[in-house]
Colleague: 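Have a look at the structure that comes next, please.
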Amino acid sequence: MFIVYRTMRFVCFIVLIIATQCNGVYFDLEDFLEQWESEQVLTTYECSMCKRPDIKGSSPVITESDGLLRHNLKSDVTSDALTSVQGLDDGLDDVTASNDNEMTSQKAKDDFFDDMIGVSNIQDVQQGERDTSKIRKRSAETNQQAVSRFLRVFQDNLEKWRRKNGLAGFNRETNLTKHNTQIHTKVSLAFTNWLIKEQKAATKFRLNGLDCAQTRMIKSIRKTSSCKEPALRKEAVLKRNRITSIYSKAKVCRPNHPHKCLMYEPGLINLFAKSRNYSELVWAWKGWRDAIGPKIRTDWERIIQINNIGARENGYHDEGAYWRLNYELTDLQQVVNKLWDELRPFYLQLHSYVRYKLHQEYGNHVNLTGPIPANILGEIWAMSWLNIYDITKPYPNVNAFQVNKGMKEKNYTTHDLFVLADNFYQSIGLPAMPKTFWELSMFTRPKNRSVVCYASAWNLGHKTDVRVKMCAAVNANYLYTVHHEMGHCQYYLAYNEAQPPEFRAGANSGFHEAIGDTAALSVINPTHLKKLGILKEVDSNTKYQQNINFLLRRALEKVAFFPFSLSLENWRWDVFSGKITNKNLNAGWWEKKMKYQGIKPPVPRSEHDFDPGSKYHVTSGTPYIRYFVAHILEFQFYESLCKLAGHKGDLHLCDFQGSKVAGKKFRDMLAMGSSKHWSDTLHKLTGSCHMNAGSTLRFFKPLREWLEKENKRLGNKIGWD
């Protein structure tokens with residue numbers, strides 16, 4: 001490897017000498033070679049155990065010293081609860097340990113983190129050295145020592161900035177006022193400006209000679225797609241705040257009754273869940289898109305333009321290419337497409353069966369060989385079909401999976417849902433939610449102010465300040481959502497304690513979304529719900545039918561989501577790359593919907609419309625492939641935890657509640673944060689370095705076999721014209 005490396009240096013030298021002499025161009029050869037070496041360092045210094053050639057095809061042994069490597073600067077999008085603007089200043093105060101034991105524990109952690117970034121290599125970090133721009137390589141100091149000092153100061157400041165920015169964002173989303181929006185804009189811009197200054201400072205260091213932890217930190221800090229022009233950054237933030245405010249305040253009003261309006265939560269959610277009136281569903285579907293899309297399209301197009309300017313200024317083809325860097329794969333699109341190829345036959349069977357059932361319900365509105373109208377799938381975006389379970393249930397006469405009814409009979413409150421989730425995580429050995437979680441989270445929609453209801457979790461620093469924000473109600477959907485968002489909080493708590501600030505993030509964005517969903521697979525199943533008394537025992541003679549009903553219900557939620565997420569992100573990647581232009585944004589959106597989901601708009605659409613804007617993640621600029629990845633990973637995590645818990649039998653009936661063995665392994669993975677390549681983190685729990693769809697297909701195996709037989713019996717067409 002070393003010989004090849006030196007040979008490539010020499011070849012580069014000769015080629016460049018010839019090229020520059022022919023063109024009369026002067027260049028600094030050593031600068032070029034140093035830059036080339038820096039880009040190659042992670043290839044020549046194999047930091048990932050899963051990538052090492054000597055262990056390919058075998059199970060890598062990950063030692064304690066290997067567990068300390070990487071991070072992505074941008075944290076997972078999640079957060080909410082009401083705190084005062086005063087908290088922006090109060091939140092920056094240092095948290096002091098309350099007793100000697102805590103101080104000793106914290107000192108041990110600080111020493112551990114310092115060792116990771118190489119502080120032991122330097123004599124001291126001067127008391128006044130709190131601005132990395134002032135850090136210069138001292139005369140007798142090595143590059144590695146200078147990097148160590150830089151990282152120590154950077155991480156101290158990073159933690160404070162994240163808290164300040166997080167509080168500003170949380171305050172805004174839980175109290176949508178002009179003042180809070182202005183504060184958030186100001187803090188967000190200041191944070192971005194600080195990051196850009198740090199990124200510039202980080203480029204001064206050489207990467208060759210650094211250890212893996214330092215290399216990954218410096219490369220992560222350098223990574224940015226922000227515009228160099230401050231005016232453009234400010235413009236993007238202002239426009240983003242404007243369009244998210246339009247989204248959050250959107251209403252759909254009844255014809256001839258302008259005062260009878262529905263917001264998304266709970267009004268439109270309930271309407272799509274319960275209404276079977278085709279015309280009413282068309283009205284609500286169209287009204288939601290009309291209330292948002294045309295109003296935000298111009299600003300959204302400008303934001304995309306600014307994003308691409310920044311990405312290209314920083315050496316990326318476009319913003320989509322920058323987003324995909326989070327997964328540290330050169331072929332992410334091919335990887336997810338391969339996973340989809342494995343799942344697509346199952347989805348086609350599900351689509352065919354659901355279309356047949358919807359035809360029975362809506363008659364000629366549904367063509368038995370064509371795409372399904374998007375307004376009748378039980379949800380405003382058709383990303384989950386769970387709410388049409390009553391129409392599609394395979395065995396209607398077998399007791400339904402009546403979670404809502406069971407929760408009502410037990411008189412559950414919204415607060416009880418959070419207690420159930422907290423108890424579940426504690427049962428496998430994970431920590432209880434801290435006191436501040438219960439005091440500062442927003443669990444339900446407040447009556448006296450406008451808020452962003454979209455459920456999210458927030459990591460606000462100080463190690464234990466984690467919160468959720470949502471407008472919860474007592475139903476099966478929120479039982480799932482609460483476990484999901486608390487899963488984010490468990491991830492935050494684990495890596496906040498175990499990792500330095502630069503490594504406090506998910507192994508990749510998909511990991512964060514998968515954690516809570518893994519728990520939800522264990523909770524939202526007959527085994528667990530019977531333990532809680534929400535579901536009653538069924539007649540043993542109908543157990544097979546009950547299982548098929550349950551699996552169909554889960555497939556409507558989980559399997560239907562795979563093509564939804566792919567259609568959204570492939571559309572946006574094509575917008576970023578220019579394959580889809582402003583002239584065909586909406587047409588391109590529906591081409592993807594047809595290709596992946598087999599759905600169509602219930603009414604004609606044009607380029608006057610902007611239907612993608614009806615989805616929060618498009619309006620807010622949140623990358624979405626994380627959710628596809630998460631849905632793959634959650635089944636891999638779940639299957640592994642079930643094996644650790646000693647489960648026997650059908651995978652979909654596993655409940656690992658109470659298994660400290662599974663919980664210990666789970667917590668160990670969470671504590672790694674982003675300190676290693678995600679494949680190593682995946683291996684920590686599952687023993688595999690690769691994402692695969694096998695666990696998903698095994699979970700649904702009984703249903704897959706049933707659907708194939710049922711579609712064949714009914715003569716249903718597979719696919720759509």
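Treat the numbers as computed from the prediction; the structure is a model and nothing was measured. Position 1 is the first residue of the sequence; numbering continues from there.
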Colleague: May I ask you to decide if W285's main-chain N or O and R289's side chain share a donor-acceptor pair within less than 3.5 Å?
Modeller: yes
Colleague: Please identify each residue that fulfils side-chain hydrogen bond (donor to acceptor under 3.5 Å, both in side chains) with Q490, with sequence neighbours left out.
Modeller: none
Colleague: Would you call E361 and R276 a salt bridge, taking side-chain N to carboxylate O under 4.0 Å as the test?
Modeller: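 Judged by the 4.0 Å cut-off on N to carboxylate O distance, E361 and R276 do not form a salt bridge.
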Colleague: Is it the case that the side chain of W385 and the backbone of A560 share a donor-acceptor pair, with hydrogens and angles ignored and the cut-off at 3.5 Å?
Modeller: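 Looks like no, no N/O pair under 3.5 Å.
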Colleague: Please give me the minimum heavy-atom distance between V252 and W288, naming the atom from each residue.
Modeller: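 It is CG2-N, 3.4 Å.
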Colleague: Just say parallel, tilted or perpendicular for the rings of W438 and F418, cut-offs at 30° and 60°.
Modeller: perpendicular
Colleague: Partners of F346 by ring-ring contact (aromatic ring centres under 6.0 Å, His included), sequence neighbours excluded?
Modeller: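 F346: ring-ring contact (aromatic ring centres under 6.0 Å, His included) contacts with F700.
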Colleague: Determine whether M407 and N475 make a side-chain contact, defined as any pair of heavy atoms from C-beta on separated by less than 4.5 Å.
Modeller: no
Colleague: When you look at NZ of K357, are more than 12 heavy atoms from neighbouring residues, nucleotides or ligands closer to it than 6.0 Å?
Modeller: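 More than 12 within 6.0 Å, yes.
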Colleague: Has K531 got more than 12 heavy atoms of other residues, nucleotides or ligands less than 6.0 Å from its NZ?
Modeller: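 Enclosed.
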Colleague: Check step by step if side chain to side chain donor-acceptor pair (under 3.5 Å) holds for S614 and D611.
Modeller: CA-CA 6 Å; S614 71; D611 295 333; over 6 Å; no
Colleague: By the definition side chain to side chain contact (heavy atoms under 4.5 Å, CB included), identify the one residue from V452, T444, V451 that meets it with C471.
Modeller: V451
Colleague: Okay, side chain of W720, backbone of M594: is any donor-acceptor separation there less than 3.5 Å?
Modeller: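 Yes.
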Colleague: For L566 and I625: C-alpha separation, side-chain torsions, deciding distance, then whether side chain to side chain contact (heavy atoms under 4.5 Å, CB included) applies.
Modeller: CA-CA 7 Å; L566 271 188; I625 200 62; 3.9 Å; yes
Colleague: Salt-bridge test for E280 and R254: reply yes if a basic N is under 4.0 Å from a carboxylate O, no otherwise.
Modeller: yes
Colleague: Just wondering, more than 12 heavy atoms not from K251 lying within 6.0 Å of its NZ?
Modeller: no
Colleague: Could I get the full list of side-chain hydrogen bond (donor to acceptor under 3.5 Å, both in side chains) partners for E591, not counting sequence neighbours?
Modeller: none
Colleague: Ignoring hydrogens and geometry, is there a side-chain-to-backbone donor-acceptor pair from H488 to H484 under 3.5 Å?
Modeller: no
Colleague: Would you say the side-chain atoms of T527 pair up with the backbone N or O of L653, donor to acceptor, closer than 3.5 Å?
Modeller: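 Indeed, once roles are kept as given, a pair shorter than 3.5 Å links the two residues.
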Colleague: Would you check, one step at a time, whether the test side chain to side chain donor-acceptor pair (under 3.5 Å) holds for S384 with E557?
Modeller: CA-CA 5 Å; S384 168; E557 179 185 11; 5.5 Å; no
Colleague: Under the ring-ring contact (aromatic ring centres under 6.0 Å, His included) rule, collect the residues that match up with H528, sequence neighbours excluded.
Modeller: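 Once residues adjacent in sequence are excluded, the partners of H528 under the ring-ring contact (aromatic ring centres under 6.0 Å, His included) criterion are F424.
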Colleague: Can you name the salt bridge (Lys or Arg N to Asp or Glu O under 4.0 Å) partners of R553, sequence neighbours left out?
Modeller: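 R553: no salt bridge (Lys or Arg N to Asp or Glu O under 4.0 Å) contacts found.
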Colleague: Decide yes or no for L417 and T481: does some side-chain heavy atom of the first lie under 4.5 Å from some side-chain heavy atom of the second?
Modeller: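 Answer no - side chains too far apart.
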Colleague: Determine which pairs satisfy side chain to side chain donor-acceptor pair (under 3.5 Å) with at least one residue from residues 366-382, sequence neighbours left out, and list them in order.
Modeller: N367-T369, T369-D721
Colleague: Sub-3.5 Å donor-acceptor pair from the side chain of Q636 to the main-chain atoms of N692, do we have one?
Modeller: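 Yes; at least one donor-acceptor contact below 3.5 Å.
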Colleague: Taking only residues at least two apart or on different chains, which pairs with a member in residues 332-352 satisfy side chain to side chain donor-acceptor pair (under 3.5 Å)?
Modeller: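 Pairs touching residues 332-352 that pass the test: Q349-N711.
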Colleague: Show, in sequence, the C-alpha distance, side-chain angles and deciding distance for E265 and R445, and conclude whether the salt bridge (Lys or Arg N to Asp or Glu O under 4.0 Å) test is met.
Modeller: CA-CA 9 Å; E265 292 192 54; R445 178 190 284 276; over 6 Å; no
Colleague: If you define the side chain from C-beta out and look only at heavy atoms, does anything of F443 sit under 4.5 Å from M470?
Modeller: no
Colleague: Would you check, one step at a time, whether the test ring-ring contact (aromatic ring centres under 6.0 Å, His included) holds for F511 with Y327?
Modeller: CA-CA 10 Å; F511 268 69; Y327 298 88; 9.4 Å; no
Colleague: Can you confirm whether K643 is buried at NZ, in the sense that more than 12 heavy atoms of other residues, nucleotides or ligands lie under 6.0 Å from that atom?
Modeller: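 Open.
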Colleague: Applying disulfide (SG to SG under 2.5 Å), name anything that partners C642, two or more places apart in sequence or on another chain.
Modeller: C654
Colleague: For S695 and L651, work out which heavy atoms get closest and say how close.
Modeller: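 Heavy atoms of S695 and L651 come nearest at O-CD2, 3.9 Å.
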Colleague: Salt bridge (Lys or Arg N to Asp or Glu O under 4.0 Å) for R467 and E485? Distances and angles first, verdict last.
Modeller: CA-CA 9 Å; R467 311 176 192 177; E485 299 303 337; over 6 Å; no
Colleague: Would D517 and K558 count as a salt bridge (Lys or Arg N to Asp or Glu O under 4.0 Å) here? Give the steps.
Modeller: CA-CA 10 Å; D517 280 356; K558 296 293 183 180; 3.8 Å; yes
Colleague: Apply ring-ring contact (aromatic ring centres under 6.0 Å, His included) to Y278 and list each qualifying residue two or more places apart in sequence or on a separate chain.
Modeller: Y362, H365
Colleague: Donor-acceptor check, side chain of N716 to backbone of K712, threshold 3.5 angstrom: yes or no?
Modeller: no
Colleague: Within the 4.5 Å heavy-atom criterion, are V419 and N423 side-chain neighbours or not?
Modeller: yes
Colleague: Return the minimal non-hydrogen interatomic distance between V629 and G510, and the atom names on each side.
Modeller: CG1-CA, 3.9 Å
Colleague: Quick one: are K615 and L568 in side-chain contact, heavy atoms under 4.5 Å?
Modeller: yes
Colleague: Taking the side chain from N326 and the backbone from N508, do they hold a donor-acceptor pair closer than 3.5 Å?
Modeller: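 No, the answer is negative, given that no donor and acceptor are paired below the 3.5 Å cut-off.
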Colleague: If a pair satisfies salt bridge (charged side-chain N to carboxylate O under 4.0 Å, His left out) and one of its residues is in residues 656-669, list it, with sequence neighbours excluded.
Modeller: E497-R667, K664-D668
Colleague: Does T622 offer a backbone N or O that forms a donor-acceptor pair with the side chain of Y616 under 3.5 Å?
Modeller: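 Judged by distance alone, no pair lies under 3.5 Å.
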Colleague: Please examine the side chains of N477 and I269, heavy atoms only from C-beta on, and report whether any two atoms are closer than 4.5 Å.
Modeller: no
Colleague: Classify the ring geometry of F635 against F699: parallel below 30°, tilted from 30° to 60°, perpendicular beyond 60°.
Modeller: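 F635 and F699: perpendicular rings.
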Colleague: What I want to find out is whether R713 reaches E708 closely enough, with some N-O distance under 4.0 Å, to be called a salt bridge.
Modeller: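 Salt bridge flag = no for E708 with R713.
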Colleague: With sequence neighbours excluded, what pairs up with R704 under the side-chain hydrogen bond (donor to acceptor under 3.5 Å, both in side chains) test?
Modeller: none
Colleague: Return the set of residues passing side-chain hydrogen bond (donor to acceptor under 3.5 Å, both in side chains) with K600 (not counting sequence neighbours), or none when no residue passes.
Modeller: none
Colleague: With side chain to side chain donor-acceptor pair (under 3.5 Å) as the criterion, how do Y596 and N570 come out once you've worked through the C-alpha distance, each side chain's angles and the decisive distance to 0.1 Å?
Modeller: CA-CA 10 Å; Y596 288 98; N570 273 305; 3.1 Å; yes
Colleague: Would you call the rings of Y624 and F564 parallel, tilted or perpendicular, where under 30° means parallel and over 60° means perpendicular?
Modeller: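 Ring orientation, 0 to 90° scale: perpendicular.
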Colleague: Using only atom types and a distance under 3.5 Å, with no angle test, would you say the side chain of E513 pairs donor to acceptor with the backbone of Y627?
Modeller: no
Colleague: I want to check something: taking the side chain as every heavy atom from C-beta on, are I515 and F666 in contact at a cut-off of under 4.5 Å?
Modeller: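 Side-chain contact under 4.5 Å: yes.
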Colleague: Are side-chain heavy atoms of M383 and F562 found at a separation under 4.5 Å?
Modeller: no
